[in-house]
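Accompanying notes for the structure given below.
Whatever order the structure lists ligands and atoms in, that order sets their numbers, starting from 1. Here the structure is a predicted model, which is why all the values come from computation and not from measurement.
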Amino acid sequence: MSNDLHRLVYYSRNKVAGEPGALEAAINGILAKSRANNAKAGVTGALMFNSGCFAQVLEGPREAVEEVFERIQQDERHGDVSLLAFGPAEARSFENWSMGFVGASVEDAARYGSLGPESGFDPSRLTGEALFEILHGLALDEENAD
Ligand SMILES: Cc1cc2nc3c(=O)[nH]c(=O)nc-3n(C[C@H](O)[C@H](O)[C@H](O)COP(=O)(O)O)c2cc1C
């Protein structure tokens, strides 16, 4: 019971400063590490970067999701980690993705990510459900584009 499928949604403020190249390298590093760790832990999900914020959905057995989120919260590459939703889920919504990157390409996100909130959505104004729907919709678009 305690290890049933759960879904977690959060957003945070990017703290990786510097040239777009540095941000691109940081995001690619986060994605590579996430994909390796999450595949082992049975965690799936998607990550988005926009307007200086990260938004992420994690889904998997409750304890695995909690462990991954513990590590993520301690990561100094972002701050003000705000949990928007955490609870049981009926089914996975990102089952093919140990960690997908959705929205702008990593390169574009790094190039435009430092623009103000007017350049994109502001996750602090969204509910967990709304943020989940955005990431899920973008993931479906990506899958259909293949
Ligand atoms: C925005 C963001 C999202 C992250 N997402 C994940 C993730 O989904 N899974 C993961 O294992 N690590 C993720 N990380 C990295 C963790 O904070 C941490 O660096 C990593 O899990 C450490 O793994 P290691 O102990 O194998 O070196 C993320 C980091 C950031 C900044």
Self-check item: Nearest atoms (heavy-atom pairs only) where V16 meets A22
Solution: CG1-O, 4.4 Å
Exercise. Could you tell me whether N37 and ligand 1 have an N or O pair separated by under 3.5 Å?
Key: yes
Quiz item: Can you check whether L126 reaches Y11 side chain to side chain, under 4.5 Å on heavy atoms?
Solution: no
Quiz prompt | Criterion side chain to side chain contact (heavy atoms under 4.5 Å, CB included) against F132, the qualifying member of T127, L8, V57 | solution = V57
Quiz prompt | Mutual orientation of the aromatic rings belonging to F86 and H6 [parallel < 30°, tilted 30-60°, perpendicular > 60°] | solution = tilted
Self-check item: Taking atom 27 (O) of ligand 1 as the reference point, the nearest protein heavy atom with its distance
Solution: K33 NZ, 3.1 Å
Quiz item: Numbering the atoms of ligand 1 from 1, which are under 4.0 Å from a heavy atom of Y10?
Solution: 1 (C), 2 (C), 3 (C)
Quiz prompt | Minimum non-hydrogen distance to atom 3 (C) of ligand 1, winning option of R35, Q56, R71 | solution = Q56
Exercise. For M99, take its heavy atoms, then give the atoms of ligand 1 lying under 4.0 Å from any of them.
Key: 8 (O)
Quiz item: Does some non-hydrogen atom of Y11 fall short of 4.0 Å from ligand 1?
Solution: no
Quiz prompt | From A26, A32, A36, S34 - option closest to atom 6 (C) of ligand 1 by heavy atom | solution = S34
Quiz item: If you look at every heavy atom in I72 and Q56, which pair is closest and at what distance?
Solution: CD1-OE1, 3.4 Å
Quiz prompt | L58 heavy atom under 4.0 Å from ligand 1 | solution = yes
Quiz prompt | Closest contact, heavy atoms only, E59 versus V65 | solution = C-CG2, 3.7 Å
Quiz item: So which heavy atom on R35 is nearest to which on F101, and how close?
Solution: NH2-N, 3.9 Å
Practice problem: Answer yes or no: does an N/O atom from N38 fall short of 3.5 Å to an N/O atom of ligand 1? | Solution: yes
Self-check item: Proximal atoms of ligand 1 relative to R77 (non-hydrogen, under 4.0 Å)
Solution: 15 (C), 19 (O)
Self-check item: Among I27, V65, V68, I30, closest by any non-hydrogen atom to atom 4 (C) of ligand 1
Solution: I30
Self-check item: Nearest heavy atoms of S12 and G79, plus distance in Å
Solution: CB-O, 3.4 Å
Quiz item: Is the shortest N/O to N/O distance between D75 and ligand 1 below 3.5 Å?
Solution: yes
